[in-house]
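Reckoned from all heavy atoms, side chains included, excluding hydrogens, waters and symmetry mates. This chain uses plain numbering: 1 for the first residue, then up along the sequence.
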Amino acid sequence: MATSVALTRLEEALAEIAGATVALERPSDSEHGDYATNVALRVAPTRGVTPRELAAEIAGTVVERGLAESAEAAGPGFVNLRVPDAWLVGALEEILRAGDSFGGGSAERRERVQVELVSANPTGPLTVAHARNGAYGDSVARLLGFAGHDVEREYYYNDAGTQMERFHASVEAVRRGEDPPEDGYRGAYVAELAALPGDPVPAMLERIEASLERFRVHVDTWERESDFGAEVDDALPLLDTFEEDGAIWARTTDYGDDKDRVLVRSNGEPTYFGKDAAYIRRKLGSGFDRLVYVLGADHHGYVARLQALAEMLGHPRESVEVLIYQLVHLVEGGAARKMSKRRGDVVFLDELLDAIGVDATRWYLVSRGHDQTIELDVDLARERTQKNPVYYVQYAHARIAGILRNVPSGGKAEPGPSGDVTPKGPLASEERELVKRLLEFPVVAAEAAERRAPHAIPTYAIRVADDFHRFYHEHRVLDSEQETFRLGLASATQTVIARCLDLIGVTAPDSM
């Protein structure tokens with residue numbers, strides 16, 4: 001797992017003393033020290049001593065070697081450390097030297113990854129539910145790319161089957177001046193499409209793609225279900241199949257699925273699953289090490305069947321990863337809004353973007369874990385006050401940009417990648433806490449990528465903004481004795497906040 005270079009060196013030195021791996025954590029109360037480890041609790045049973053005794057021994061060695069300003073045994077066997085100001089200054093200089101790359105490159109093995117996201121039927125504009133798919137999937141892709149993987153985003157259009165037939169029937173009915181079929185699609189967009197000549201699908205595709213670009217979800221490749229029917233025959237010989245009642249089945253139960261699946265119906269028509277087989281064959285044959293599917297809560301059953309296909313095709317089950325996200329409920333004026341695409345009272349992505357903007361939409365749709373339902377408060381999300389967390393974090397970035405703009409052109413230089421930020425006096429507690437918070441970023445970003453959990457990023461960004469605002473409230477930056485150090489600290493904070501916002505598709509404004 002990635003950590004800052006300074007922390008890595010300290011952990012490695014402690015590991016040498018303890019004879020076991022060490023992962024440093026920050027105590028909840030800084031009065032207990034800057035960092036703590038439970039290594040004595042883990043190792044003591046193999047040494048024939050109590051954890052408290054071993055913790056005291058480790059603490060003494062740490063101080064003797066000059067690794068910390070002070071160290072002590074605490075509780076049942078923790079080791080608490082306090083690092084000197086010089087250590088924190090050196091760590092800050094490492095952040096400044098790393099620049100935009102700070103916290104990146106955590107992947108132990110670089111993979112070629114495809115993230116399939118949104119993939120909504122082109123039967124209507126993208127909805128708020130699709131927006132969560134896009135925001136979550138794109139943020140996962142950004143995290144994976146920052147970690148060092150080669151990432152491609154793909155959209156798979158389900159442009160065949162019953163839903164498409166109902167969509168065409170709905171548009172045609174409106175063109176004839178009739179109501180759409182009972183099981184068809186309704187709403188103003190159907191009338192808009194009916195007013196255009198020819199097939200309504202191209203116009204719908206164009207609208208979907210424009211919405212995604214507006215939403216800062218850039219798709220690299222577009223595929224259509226209708227293109228894969230012809231490839232099913234090529235995939236069949238590579239699969240474990242059997243025939244029954246004139247149909248061709250995949251023996252997926254031998255590969256972890258709960259039941260076998262039909263690939264080709266008795267009438268010779270491939271099923272949706274049959275096209276999935278052709279689709280996944282093409283993707284894995286394109287050299288991807290990992291296929292990530294982002295699917296809604298009603299797709300839990302897809303996990304085992306897709307992994308079964310990968311295994312049949314000679315690839316590890318783990319090469320297919322399915323991420324399931326939960327629903328989104330909009331709350332406006334204190335009341336929940338009910339949504340149904342077919343009834344025509346759905347809230348479309350573009351409507352939400354018009355109401356609260358791209359930044360707020362992206363932020364709120366990844367601010368909770370993907371396995372949790374989101375209640376998006378539209379009234380709060382549109383507020384431009386510090387009660388709105390995305391505004392609060394962006395304001396910290398803009399405030400720092402304002403400070404750096406006001407650095408005089410002569411005399412005091414803005415810190416650069418190799419600038420010396422040595423302070424002229426002891427660091428204040430707010431300065432120490434902010435440096436330590438910034439040093440957490442590599443672990444936060446690496447874990448968010450590894451766990452496919454972008455919600456950790458806005459949570460961390462709020463804490464960085466909290467620490468920065470607290471520091472700024474207590475200490476003057478420009479025209480202070482500590483100006484050089486504080487400019488360096490502000491610049492590093494700006495870099496980390498900007499990276500956090502970028503990882504979730506939110507802008508980092510220089511003024512607000």
Name of the residue among Val190, Leu196, Val201, Asp199 meeting side chain to side chain contact (heavy atoms under 4.5 Å, CB included) with Val171
Val190

How about Asp227 and Tyr157: does a side-chain donor come under 3.5 Å of a side-chain acceptor?
no

Distance under 6.0 Å and angle within 45° of ring axis: Lys259 vs Phe273:
no

Among Tyr156, Tyr279, Tyr155, side chain to side chain donor-acceptor pair (under 3.5 Å) partner for Glu116
Tyr279

Go through the steps to decide whether His299 and Tyr293 satisfy the test side chain to side chain contact (heavy atoms under 4.5 Å, CB included), and finish with yes or no.
CA-CA 10 Å; His299 287 76; Tyr293 292 78; over 6 Å; no

Using 30° and 60° as the class boundaries, would you call the ring planes of Tyr395 and Tyr391 parallel, tilted or perpendicular?
parallel

side-chain hydrogen bond (donor to acceptor under 3.5 Å, both in side chains) pairs, two or more places apart, involving residues 262-275:
Asn158-Tyr272, Glu225-Lys275

Here's one to test your reading of the geometry: is the NZ or CZ of Arg166 within 45 degrees of the ring axis of Tyr185 and under 6.0 Å from its centre?
no

For the pair His218 and Asp138, evaluate side chain to side chain donor-acceptor pair (under 3.5 Å) and give the outcome as yes or no after the intermediate values.
CA-CA 8 Å; His218 177 73; Asp138 182 61; over 6 Å; no

What closest approach, in Å, do His370 and Ile324 show between heavy atoms, and which atom pair accounts for it?
CD2-O, 3.0 Å

Closest approach of Arg317 and Ala304, non-hydrogen atoms and distance?
NH2-O, 4.2 Å

Would you call the rings of Phe348 and Tyr189 parallel, tilted or perpendicular if under 30° counts as parallel and over 60° as perpendicular?
perpendicular

Do Arg305 and Tyr302 form a cation-pi contact, if we require the NZ or CZ to be under 6.0 Å from the six-membered ring centre and within 45 degrees of the ring's axis?
yes

